[in-house]
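For reference, the structure is listed below as structure tokens.
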Amino acid sequence: DGGITQSPKYLFRKEGQNVTLSCEQNLNHDAMYWYRQDPGQGLRLIYYSQIVNDFQKGDIAEGYSVSREKKESFPLTVTSAQKNPTAFYLCASSRDSEYGYTFGSGTRLTVV
Amino acid sequence: EDQVTQSPEALRLQEGESSSLNCSYTVSGLRGLFWYRQDPGKGPEFLFTLYSAGEEKEKERLKATLTKKESFLHITAPKPEDSATYLCAGQGGFKTIFGAGTRLFVKA
């Protein structure tokens with residue numbers, strides 16, 4: 001079955017540490033996205049990529065970095081510059097932005 | 001500024017008690033209005049896309065409608081398994097704006 005796989009499901013980060021969240025899709029979608037979800041707020045866009053080797057900043061890109069070396073993969077690195085990283089992170093892909101997104105199951109990141 | 005506002009924040013229903021969730025939007029050049037269902041600890045699941053005012057779509061006990069300023073998600077005779085958070089999102093240009101969601105609780 002086609003879908004999006006995010007790993008790990010839970011991740012704990014120490015102060016000053018960089019961590020990388022994995023996102024892999026086998027839907028053959030060109031566009032991929034990273035969103036952050038906090039309680040009581042709508043999903044906020046961190047980064048998106050419409051094609052391999054190209055990506056754009058979203059609304060809250062500071063403290064995050066991404067790469068898109070393969071169509072199937074869009075990893076997100078949460079750097080030590082992100083001062084409030086505790087959140088639920090969602091990866092999504094779409095065939096076309098008008099058809100809605102397919103989301104992964106999410107990664108919950110907690111600072112310890 | 002583009003904005004999507006959902007109400008109520010939370011809704012508690014008895015099984016079989018029909019109701020509606022509201023999504024008010026101001027999205028420039030709206031290309032699509034989306035509804036998603038999200039279960040706790042999981043990613044959202046796509047339900048509907050609405051493209052123009054007057055459009056309606058149905059899936060089991062859910063029906064989504066769209067006007068020029070609002071979208072409604074009508075839930076007919078809900079069951080406990082319909083309990084979830086329902087997200088609304090509006091797409092203008094390449095940007096998609098999400099609402100904060102309505103948490104629906106259906107009691108047996």
Side-chain angles (χ1 to χ4, degrees), chain A residues 2-11 21 23-25 27 29-51 54-61 87-110, chain B residues 1-10 21-52 55 57 59 62 64 66 71 73 84-103:
Chain A
I4 295 183
T5 301
Q6 288 188 242
S7 62
K9 188 172 178 65
Y10 299 97
L11 186 58
L21 285 59
C23 177
E24 303 278 334
Q25 56 104 352
L27 298 165
H29 288 169
D30 287 317
M32 297 188 74
Y33 313 81
W34 275 106
Y35 282 90
R36 170 178 172 145
Q37 187 173 35
D38 294 282
Q41 296 189 43
L43 275 65
R44 292 183 290 167
L45 182 64
I46 304 172
Y47 268 98
Y48 65 95
S49 169
Q50 295 177 266
I51 196 170
D54 187 48
F55 49 83
Q56 307 296 328
K57 292 182 179 180
D59 299 320
I60 56 166
F88 190 51
Y89 290 86
L90 288 161
C91 180
S93 70
S94 68
R95 179 182 68 174
D96 181 294
S97 58
E98 293 185 26
Y99 286 88
Y101 297 155
T102 299
F103 284 90
S105 57
T107 292
R108 187 165 298 280
L109 174 61
T110 304
Chain B
E1 180 183 349
D2 292 342
Q3 195 169 10
V4 173
T5 304
Q6 293 187 245
S7 62
E9 291 186 12
L21 282 57
N22 176 266
C23 171
S24 298
Y25 65 91
T26 51
V27 177
S28 302
L30 185 78
R31 295 171 63 189
L33 190 292
F34 304 95
W35 282 97
Y36 293 86
R37 170 189 169 130
Q38 185 175 23
D39 292 304
K42 296 187 178 181
E45 176 186 346
F46 172 77
L47 292 174
F48 305 109
T49 307
L50 301 166
Y51 293 104
S52 58
E55 189 175 2
K57 288 192 176 174
K59 180 179 180 179
L62 301 176
L66 182 66
S71 178
L73 185 65
T85 296
Y86 291 86
L87 303 176
C88 171
Q91 192 210 0
F94 189 77
K95 198 169 186 179
T96 299
I97 311 296
F98 282 83
T102 293
R103 288 174 293 148

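A, B, ... follow the sequence lines: proteins, then strands. Residue 1 opens every chain.
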Would you please say whether a donor-acceptor pair under 3.5 Å links the side chains of B:Thr96 and A:Tyr101? yes

So, for B:Gln38 and A:Phe88, which heavy atoms are closest and what is the spacing to 0.1 Å? NE2-CE2, 3.9 Å

May I ask you to check whether over 12 heavy atoms, not counting those of A:Arg44, lie within 6.0 Å of atom CZ? yes

Side chain from CB out, backbone as N, CA, C, O: work out which of these in B:Leu87 comes under 4.5 Å of a heavy atom of chain A, or both, or neither. side chain

Measure distances from A:Asp59 to the heavy atoms of chain B and classify the residue's part below 4.5 Å as side chain, backbone, both or neither. side chain

Nearest heavy-atom approach of A:Gly40 to B:Ala100 is O-CB, 3.6 Å

Compare all side-chain heavy atoms of A:Phe103 with those of B:Phe46 and state whether any distance is below 4.5 angstrom. no

Which atom of A:Leu90 lies closest to which atom of B:Gly43, heavy atoms considered: CD2-CA, 3.6 Å

Measure the shortest side-chain to side-chain distance between B:Glu45 and A:Thr102 over non-hydrogen atoms and say whether it is less than 4.5 angstrom. no

Portion of B:Phe48 that has a non-hydrogen atom of chain A nearer than 4.5 angstrom: neither

Can you confirm whether B:Lys57 is buried at NZ, in the sense that more than 12 heavy atoms of other residues, nucleotides or ligands lie under 6.0 Å from that atom? yes

Please classify the contact of A:Gln50 with chain B as side chain, backbone, both or neither, using a heavy-atom distance under 4.5 Å. side chain

